[in-house]
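Order of the sequence lines sets the chain letters (A, B, ...), proteins ahead of strands, with each chain counted from 1.
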Amino acid sequence: MKNFQIIRALSSRTAVTNISKENEAMFIAGGTNLVDLMKKNVVAPDKLIDINGLDLKEIEFVKGKVSIGALAKNSQVAEDVAIKEKHPLLSLALAAGASQQIRHMATVGGNMLQKTRCSYYYNTDMPCNKRTPKSGCGAIGGSNRMHAIFGASDSCIAVHPSDMCIALAALDAQVLVEGPKGKRQIKFTDFHRLPGNTPEKDNTLEAKELITSVEIPDHNFTKNVHYLKVRDRTSYAFALVSVAAALDLKNNVINDVRLAMGGVAHKPWRLTEAEEFLKGKTVSEEVFRQAGDLAMKGARTYGGNDFKITLGANTITEALTIAASK
Amino acid sequence: MNFITFCDLRLLNLLEYPSDFANLKIDRMASKKNNPKEVTENDSNSRRDFIKKSGLFTALAFTPPSLVMASENKWDEKIAEYLETVPLSIEVNGKKHNLNIEPRTTLLDLLREQLQLTGTKKGCDHGQCGACTVHVNGTRILSCLTLASMQQNAEVTTIEGLAKGKKLHPMQEAFIKHDGFQCGYCTPGQIMSGIACIKEGHANSREEIREYMSGNICRCGAYHNIVDAITEVKEGGKEL
């Protein structure tokens, strides 16, 4: 790992904003992804700004929403009693990600900013437009079993790796950020972006902006929810495909529904068309199957990941069935 | 130009080719050996260096003073970068240490290489195996993905800190009783993780133990016996 300078930001958010005017500096919180990337020389910042001393760790329930500090640990949020009760989908998604050691270290903000686990991105001997713009994409025509089936481009077919973010996309969360130009709010589904011709940009954060919190508005998805993650081993692996399903049922009729998928696109993939289809329908496996098939329309595969179309439809059907049976 | 007076010519070479301080040390060690071939090679390197450096001095002599100042400043920064360490106060197994460390030192490397606590193992060094699991302020974490420079005033417990004198920790005893290992390489991480798994309240069933121990890989496949050991300690109800 290249050596670097480290600055501990201890006082206020303003201090961090000022310090962040340095060139080639990066924020570090849990470090579970960044330290790994630095060891592999994929990322080599000159300066790190340790933000763990900032007062951004609280989970606060206020009128109409919950505000989760960007430095709240993944395990802290997953096991928070009130989060389990009011936002069980988020708790389930968080518990499905990584291992307990990593969840103890990783923060909410860091989870959102983690990089794809595309092996071509991590291997500096291989071409990767995300790591080195204009160098090409090794995954197209290469080993692409883990890769995207929606929203990819000729530049990049990598997928977003988070589980937490799939639930946050389904729950209409908002991201609060602070930067040199002040504070602003970004809709969670607009936070991550599709690769297009600039896959080096994972999200819509501007330079030097810091995520301060994530807000989830109150909702009725407190009972019939499920996060189904399909992976190569039962635990501690990234998703081949995952589905966040939330149903608001009244007498077995779907009053409202949220569906989002992971492991299929460069961002959490919200299934709005399938949601619209399901609204007002009576719960049945047939209806869930139709929703799954509908959601897979427009999918494009790359050889190694052809199986994801069938797997995706099956996972949606299964996730909805489990959610409805709770 | 004053900084050159305290830099040997080798260091100047390092500025031209900033590779790694470690290489410099190895080079020096190599040149001390009485290997005629190596000496010859070093000599030719030195001649090459000398020609380069004389060229550099000549160039500097004809450069406007303001530019010389600027480039000097840049060099100073580079030297600072190579020599920079940060102070760290850390408590490991009840013993306080006041250290100066490179910012890039991971907690794992600090424990193993500087504090000689080699019980904590380096498996993958990329957060995929759990062999490096230690407790920091009572929480299990992966020491290979933790920068030591971010652990100011932290209290760390490693496998070496579990036994009380000759009395093993209940989890250590249970691992021996249930044969919770074969080669033993993952064992320190498994034991640290197992203790935390119970303390966190995630050892209520075999399924839950397996899920919450999934960050600790055992290539010998001693999982069944590891779950037995953790179950017994949990059911024993001793304070851990």
Side-chain angles (χ1 to χ4, degrees), chain A residues 1-10 24 26-42 44-53 73-76 78-79 81 92 95-106 110 114 117 122 229 231 233-238, chain B residues 18-21 77-78 80-86 88 101-109 124-130 132-152 154 189 192-193 196-197 200-202 207-208 210-217:
Chain A
M1 196 191 310
K2 190 187 89 170
N3 211 2
F4 50 84
Q5 292 184 322
I6 191 157
I7 300 160
R8 295 181 189 124
L10 293 170
E24 306 300 324
M26 289 179 87
F27 294 121
I28 184 164
T32 56
N33 189 206
L34 184 56
V35 173
D36 194 22
L37 289 165
M38 287 165 68
K39 282 184 180 183
K40 289 179 191 266
N41 210 27
V42 175
D46 288 334
K47 278 182 190 171
L48 287 184
I49 297 148
D50 175 3
I51 56 169
N52 288 291
K73 301 290 186 191
N74 284 192
S75 57
Q76 175 196 346
E79 295 175 26
V81 176
L92 289 170
S99 68
Q100 186 75 341
Q101 288 99 311
I102 291 176
R103 292 192 291 267
H104 282 329
M105 303 164 75
Q114 66 178 307
R117 293 320 196 273
Y122 276 73
K229 184 176 181 183
R231 43 191 157 170
R233 56 185 182 199
T234 322
S235 179
Y236 198 25
F238 287 96
Chain B
S19 50
D20 199 333
F21 230 34
E77 255 182 37
K78 280 187 178 171
E81 193 180 291
Y82 274 98
L83 302 179
E84 190 160 358
T85 57
V86 290
L88 174 73
I101 59 160
E102 278 194 357
R104 62 180 162 178
T105 311
T106 60
L107 179 59
L108 175 62
D109 287 340
C124 67
D125 206 25
H126 289 285
Q128 296 174 9
C129 76
C132 67
T133 303
V134 298
H135 297 177
V136 171
N137 300 326
T139 306
R140 57 170 157 163
I141 56 112
L142 298 179
S143 60
C144 78
L145 291 184
T146 304
L147 293 175
S149 48
M150 288 165 62
Q151 301 304 312
Q152 184 68 9
M192 298 313 288
S193 213
C197 186
E200 289 161 5
H202 291 305
E207 292 70 36
E208 193 181 23
R210 292 182 79 92
E211 171 61 35
Y212 281 85
M213 289 295 291
S214 70
N216 292 82
I217 310 292

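- Residues A/F4 and B/L147 have side chains in contact (heavy-atom distance under 4.5 Å, counting atoms from C-beta outward).
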### Message
Quick one, A/T32 with B/L142, criterion side-chain contact (heavy atoms from CB on, under 4.5 Å). Give me CA distance, side-chain angles, the key distance, then yes/no.
### Response
CA-CA 9 Å; A/T32 56; B/L142 298 179; over 6 Å; no
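- The minimum heavy-atom distance between A/N3 and B/E84, with the atom names listed, is ND2-O, 4.1 Å.
- Here the CG atom belonging to B/L145 is positioned 5.5 Å from the CE atom belonging to A/M105, to the nearest 0.5 angstrom.
- For B/S149, the parts lying under 4.5 angstrom from a heavy atom of chain A are both the backbone and the side chain.
- No side-chain heavy atom of A/S75 sits under 4.5 Å from any side-chain heavy atom of B/E200.
- Side-chain contact between A/R233 and B/I217 is present, with heavy atoms from C-beta onward closer than 4.5 Å.
- Atom-to-atom distance recorded for A/H104:NE2 and B/T139:OG1 is 5.5 Å, nearest 0.5 angstrom.
- The CG atom of A/D50 sits 8.5 Å away from atom CD of B/Q151, with the distance rounded to the nearest 0.5 Å.
- In this structure, no portion of B/C197 lies under 4.5 Å from any heavy atom of chain A.
- Only the backbone of A/A29 comes within contact range of chain B, with heavy atoms under 4.5 Å apart.
- Of all the listed residues (B/S193, B/P103, B/G215, B/G130), the one sharing the greatest number of non-hydrogen pairs under 4.5 Å with chain A is B/P103.
- Heavy atoms only, all atoms of each residue included: B/R104 and A/K2 are closest at NH1-C, 4.0 Å.
- Side-chain atoms of A/E79 and B/H202, non-hydrogen and from C-beta on, do get closer than 4.5 Å to each other.
- The two atoms that bring A/I6 and B/M150 nearest to each other are CD1-CG, 3.7 Å, heavy atoms only.
- Between A/Q100 and B/Y212 the shortest heavy-atom distance is OE1-CE2, 3.4 Å.
- To the nearest 0.5 Å, atoms CE (B/M213) and OH (A/Y236) are separated by 12.5 Å.
- Heavy atoms of A/D36 lying under 4.5 Å from chain B belong to its backbone as well as its side chain.
- Heavy atoms closer than 4.5 Å to chain B are found in the side chain of A/L48, but not in its backbone.
- The side-chain heavy atoms of B/R210 and A/T234, taken from C-beta on, include no pair separated by under 4.5 Å.
- Of the listed residues B/D125, B/V86, B/T106, the one with more heavy-atom pairs under 4.5 angstrom with chain A than any other is B/D125.
- Ranked by heavy-atom pairs under 4.5 Å with chain B, the list A/M1, A/K39, A/M38 is led by A/K39.
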